[in-house]
Amino acid sequence: MEQLSKVYNPKEVEQKIYDYWEKNALFKTSITPDKKPYCIVIPPPNITGILHMGHALNNTIQDILIRFRRMQGYEALWMPGTDHAGIATQNVVERELAKKGLKRQDLGREKFLEEVWKWKKEYGSTIIKQLKKLGASCDWDRERFTMDEGLSNAVLEVFIRLYKKGLIHRGNYIINWCPRCQTALSDEEAPHRELDGYLYYIKYPFKSTNYELQTTNYITVATTRPETMLGDVAVAVNPKDKRFKELAGKTLILPLIEREIKIIEDEFVDPEFGTGAVKVTPAHDPNDFEMGKRHNLTPVNIMHPDGTLNNNAGDYEGMDRFEAREAILEDLKAKGLLQKVTPHRYAVGHCYRCHTIIEPYLSKQWFVKMKPLAKPAIEVVKKGKIKFFPKRWTKVYLEWMYNIKDWCISRQIWWGHRIPVFYCKDCQKKTGMRNEKLETSKEPAVIVSKTKPGKCPTCGGTNVVQDEDVLDTWFSSWLWPFSTFGWPFNQSSVQKQEFEYFYPTDCLATAQEIIFFWVARMIMAGMQFAGDIPFRDVYIHGTVRDKTGTKMSKSLGNIIDPLEIIDIYGADALRFSLISITAVGQDVFLSKEKFELGRNFANKIWNVSRFLLMNLKEKVEADLGSVHKQFKLTIADKWILSQLYRTLIAYTKALENYKFNEAANLLYEFVWHKYCDWYVEIAKLDINSQKTQIILYKVLEKSLRMLHPFMPFITEGIWSKLDEEKSIMISSIPHVQKQMINEESEKTMQSLIDIIVSIRNVRAEMNIPAKEKIDVIISAHSERLKDKLLDLESYIKTLAKVKNITAVVKAKRPKQAASCVLDKFDVFLPLKGIINIEAEKARLNKQLKIQESVIGALNAKLKNRDFLKKAPEAVVMGEKEKAQITKAKLEKLKESLKNLA
RNA sequence: GGGCGGUUGGCGCAGUUGGUUAGCGCGCUACGUUGACAUCGUAGAGGUCACAAGUUCAAAUCUUGUACCGCCCACCA
């Protein structure tokens with residue numbers, strides 16, 4: 001068999017191994033009637049994306065699940081793909097154009113889109129390549145893109161279905177407007193961030209022919225955005241507010257613009273806040289918009305889409321909104337109308353793409369009515385058909401769903417699915433309607449269709465134009481779990497069969513940020529269009545942060561690049577480290593050094609495999625199930641097998657409950673601290689025996705299989721050297737052999753470990769060189785234990801560097817010896833001319849102290865009548881036993897101390 | 001304003017049916033190269049689990065409250 005290099009070098013092998021998997025089509029899936037399906041759809045990364053730690057964690061988790069299930073015998077499909085990421089991608093391409101001094105408008109829509117597709121072709125699969133480096137075992141033949149023909153068709157189909165049901169409508173509302181991207185955004189795309197700002201108190205004078213009066217007779221309003229005053233159409237007070245009792249209906253002169261506005265009464269106004277009087281700006285504030293409607297006020301829009309002021313802004317026309325703010329404040333101050341300014345902390349929406357401050361902006365947009373869609377999506381979660389892990393997210397989800405608001409889906413950009421709505425200009429002319437007035441599906445001028453109609457079905461006119469807007473990117477993402485299968489299906493198509501086989505998918509793994517954007521909407525879409533839940537489990541993992549707890553982002557420069565980590569430490573090290581430090585649902589605080597954990601572990605696995613291969617005499621064919629019939633097994637043999645299967649049981653349970661870190665730590669503990677530290681060391685005693693070789697080999701081989709979902713590359717690399725057939729990827733997770741779990745051997749092994757550790761301990765304390773072999777006397781607490789000791793002698797000799805062992809029963813401490821008091825044995829090291837009595841004294845005293853505190857606690861318990869009466873019998877028995885052992889130890893320790901003197 | 005998460009040895013964290021001498025990794029101290037591994041081995045030091053009250057025979061683990069840190073949601077100008 002081939003030998004391995006001394007240090008594991010991931011760089012050499014990872015790419016080759018991945019190619020081997022792909023070449024042999026090991027990720028491929030198809031309908032397999034005798035297998036149960038297991039399916040995960042990937043959260044499609046943006047085509048603009050490059051792999052960051054969040055991706056690394058998210059996809060490692062999915063790959064673990066997929067590989068684990070595949071090895072459990074499921075037909076495990078991991079459906080991959082990418083998202084067209086409307087605004088993000090458009091921004092990237094626009095930035096490229098800007099370098100050439102061009103704007104997208106210079107190219108025109110068609111040409112610009114060509115550019116985007118070109119960009120996509122060149123860079124759009126970067127992230128996919130990076131996922132492969134991570135080891136992702138997606139079924140790449142099924143890779144989808146949200147703007148593929150099929151997925152686009154699904155998008156249009158859904159739009160039309162919703163429209164026909166009356167769940168999509170178009171209307172004038174205040175929406176979140178990004179003046180930089182110049183598009184509408186949904187509420188989710190405009191997250192609120194707190195800002196330190198000011199509350200400006202502005203005097204609005206009453207109308208009077210007497211100019212003097214105007215400056216003394218006024219009402220004060222407070223605002224955080226003074227520039228919006230140019231769009232004020234009223235001032236509102238609460239009807240119950242006594243201070244303003246007589247003022248309703250009175251006329252004010254809006255400063256700077258000199259427009260006459262009225263004082264109105266509205267319940268919405270909170271008398272406690274500010275001055276109790278509110279400026280009403282229906283075109284620039286959602287509340288004011290509603291108020292305006294209630295009072296029949298015509299909104300005054302003062303802003304261009306780019307955030308500069310328009311011709312309703314008088315002298316301020318052309319200024320940017322924040323520039324205008326300063327100018328207006330100056331002017332108000334000059335006129336003595338700025339009463340005061342107080343610091344004020346408030347939350348404002350920011351564009352989630354470019355972080356520009358959002359402008360609440362009145363415009364005509366398309367909306368999805370969400371309440372009816374939410375209803376079934378709430379039900380399935382409440383009934384537990386869909387489960388969140390960790391559970392607490394259920395509540396977050398439900399709260400959001402209960403308060404769901406309509407979804408603004410139109411975007412004023414070019415890259416995306418164009419809204420399948422056409423307007424008949426001829427009808428518009430005939431009915432005298434203007435485009436702006438179209439609001440309901442009943443309007444004859446609106447034609448909803450996947451393709452451009454040749455002529456208007458109402459009037460036969462050919463003057464038909466398509467809506468300029470595209471759909472929110474998430475309007476395609478929410479269909480992802482079924483659109484990727486080819487929905488809507490033709491009857492009896494293969495796609496339909498596959499869908500029926502794999503859907504509902506099993507698990508969706510994602511980060512918390514995306515629950516509302518995506519998870520909630522997928523559930524609604526699944527229920528509405530696919531007729532069933534999109535997935536059974538939702539696993540929400542934490543956010544990856546830097547070691548100070550700040551979210552990693554490019555702009556902050558605090559990212560740790562997964563590709564760099566892969567380059568230095570290897571993909572397996574990255575994966576294993578990331579997983580083992582990520583507790584369920586907890587955020588991860590990362591620093592580069594943490595990846596050493598995985599690298600070191602990989603190296604350990606590599607080296608113990610290397611050791612095995614160096615010593616393996618022939619191919620191991622035997623099975624563990626029969627090895628105990630064929631050979632007489634030692635304590636250590638039984639112990640490692642017992643531990644193996646205990647580990648397997650716990651490992652499986654952990655993975656089935658999404659406790660990835662637990663499973664990882666179990667493997668680490670087993671492989672390193674049980675197999676390597678103890679079993680391999682013991683096995684060296686008779687490394688050439690067939691029995692030992694079989695067990696060494698088989699335990700490693702099974703460990704590798706358990707490790708494979710976490711560390712796919714190194715396990716495959718070693719596997720290929722083991723003369724095993726095929727790929728480890730398609731081997732199976734070992735089966736539990738319950739009969740191999742052997743408590744007796746575990747107890748004995750524990751005693752052995754205790755003995756060896758105690759001898760090593762004394763050696764260290766007494767500064768006995770490692771090379772110097774010593775004699776020990778071991779006193780068993782019973783005849784039976786003494787017999788067992790004989791089995792263990794050779795282990796002790798080797799592992800604790802002992803020359804002669806004298807086994808006795810219940811012996812007293814010999815003179816001139818260091819002594820260790822254990823549960824079932826006492827160990828004496830006769831040290832000729834004791835090197836250091838003080839050190840021994842100190843050692844014994846330390847032990848004495850520990851045992852005394854233990855016995856103290858135990859005695860207190862055992863003296864407590866309530867404890868004896870109320871605690872379960874097993875617990876009481878256990879404590880009594882412990883007390884007995886501890887008492888015996890104590891006595892011996894005291895005796896040893898006395899003896900020493 | 002509402003909701004959620006965290007607070008365990010120097011650092012980073014585990015610890016869900018309440019009962020272990022409270023674990024792990026890094027770091028630290030001492031020793032060590034007998035050929036799997038210095039990306040290693042051996043031994044050790046170091047914490048009464050934020051604080052307070054309560055439930056219980058028994059609490060890091062359950063309840064309530066407090067403090068600090070962090071996150072999410074929210075139309076109070």
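A, B, ... follow the sequence lines: proteins, then strands. Residue 1 opens every chain.
Residue A/Y668 contributes atom OH, which lies 14 Å from atom C1' of B/G23 at whole-angstrom precision. As a whole-Å value, the separation of A/E593 CD from B/C13 P is 13 Å. One interatomic measurement links the two molecules: CZ of A/F660 to C1' of B/C13, which rounds to 19 Å at whole-angstrom precision. Taking atom NZ of residue A/K391 and atom P of nucleotide B/G5, one finds them 12 Å apart after rounding to whole Å. Going from atom CG of A/L362 over to atom C1' of B/C75 covers 15 Å, rounded to whole Å. Distance A/E852 CD to B/U21 P: 16 Å, rounded to the nearest Å. Rounded to whole Å, the distance from CE on A/M229 to P on B/A77 is 18 Å. Nucleotide B/C75 holds its P atom 15 Å from the CD1 atom of A/I175, rounded to whole Å.
Checking A/Y8 against A/N607 by side-chain atom types alone, no donor-acceptor pair falls below 3.5 Å. Residues A/E12 and A/N9 have side chains that bring a donor and an acceptor to within less than 3.5 angstrom of each other. Side chain to side chain, A/D266 and A/N238 fail the donor-acceptor criterion of an N or O pair below 3.5 Å.
B/U17 and B/G47 are spaced 27 Å apart, taking the P atom of each and rounding to whole Å. B/U55 and B/G25 have their C1' atoms separated by 36 Å, given to the nearest Å. Nucleotides B/G18 and B/G54, compared at atom C1', are 15 Å apart to the nearest Å. Going from the C1' atom of B/A60 to that of B/U34 covers 44 Å, rounded to whole Å. Taking atom C1' on both B/U33 and B/A38, the two are 8 Å apart, rounded to the nearest angstrom.
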Would you mind building the protein contact string for nucleotides 40-49 of chain B? One character per nucleotide, 5' to 3', B for base within reach (heavy atoms under 4.0 Å), S for sugar-phosphate only, - for untouched. SSSSSS----
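In this structure, A/R321 pairs ionically with A/E359, as a charged nitrogen and a carboxylate oxygen lie closer than 4.0 Å. In this structure, A/R843 does not pair ionically with A/E765, as no charged nitrogen and carboxylate oxygen lie closer than 4.0 Å. Salt bridge present: A/E879 and A/K882 bring a charged side-chain N and a carboxylate O closer than 4.0 Å.
Residue A/K405 places at least one side-chain N or O under 4.0 Å from the OP1 or OP2 atom of B/C75.
Around atom NZ of A/K592, no more than 12 heavy atoms belonging to other residues, nucleotides or ligands sit under 6.0 Å away. Within 6.0 Å of NZ on A/K797 lie more than 12 heavy atoms contributed by other residues, nucleotides or ligands. Taking a 6.0 Å sphere around OH of A/Y346, one finds it holds more than 12 heavy atoms contributed by other residues, nucleotides or ligands.
Within the nucleic acid shown, A/R843 has no heavy atom closer than 4.0 Å to any nucleic acid atom. At the heavy-atom level, A/K801 lies under 4.0 Å from base atoms of the strands shown. A/F268 comes within 4.0 angstrom of a nucleotide base, judged by non-hydrogen atoms across all strands. Using a 4.0 Å heavy-atom criterion, one finds that A/I581 contacts no nucleic acid atom at all. Residue-level contact check: A/P769 touches neither bases nor backbone, having no heavy atom under 4.0 Å from any strand. Residue-level contact check: A/H284 touches neither bases nor backbone, having no heavy atom under 4.0 Å from any strand.
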Dot-bracket for RNA chain B: what is it, with Watson-Crick or G-U pairs under 3.5 Å, [ ] where a pair crosses earlier ones, and | for a pair to another strand? (((((((..((((.....[...)))).(((((.......))))).....(((((..]....))))))))))))....
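The side chain of A/A871 has B/C57 as its nearest neighbour among B/C57, B/A38, B/A77. For A/N864, whose side chain is taken as the heavy atoms from C-beta onward, the closest listed nucleotide among B/C57, B/C4, B/C75 is B/C57. Here B/A36 is the nucleotide among B/U39, B/A36, B/A77 with the atom lying nearest to any side-chain atom of A/M614. The listed nucleotides are B/C57, B/U21, B/A36; the one nearest the side chain of A/I850 is B/U21. Considering only the side chain of A/F273, B/C76 comes nearest among B/C76, B/U20, B/C72. Checking B/C4, B/C76, B/U20 against every side-chain atom of A/R392, the shortest atom distance belongs to B/C4. Side chain of A/K6, nearest nucleotide from B/C71, B/C57, B/C37: B/C37. Among the nucleotides B/U20, B/C57, B/A77, the one closest to any side-chain atom of A/K861 is B/U20.
Each of A/N661 and A/Q851 was assigned the nucleotide of RNA chain B with the nearest heavy atom; the assignment lying further toward the 5' end belongs to A/N661. Residues A/E194 and A/G274 each lie close to RNA chain B; by heavy-atom proximity, the contact nearer the 5' end of the strand is made by A/E194.
Between the OG atom of A/S5 and the CZ atom of A/R610 there is a distance of 7.5 Å, given to the nearest 0.5 Å.
The shortest side-chain heavy-atom distance between A/V699 and A/F670 falls under the 4.5 Å cut-off. Looking at A/K240 and A/P271, their side chains never come closer than 4.5 Å, going by heavy atoms from C-beta outward.
Between the side chain of A/N287 and the base of B/C75, a donor-acceptor pair under 3.5 Å is found. Applying the 3.5 Å distance criterion, the base of B/A36 shares a donor-acceptor pair with the side chain of A/E681.
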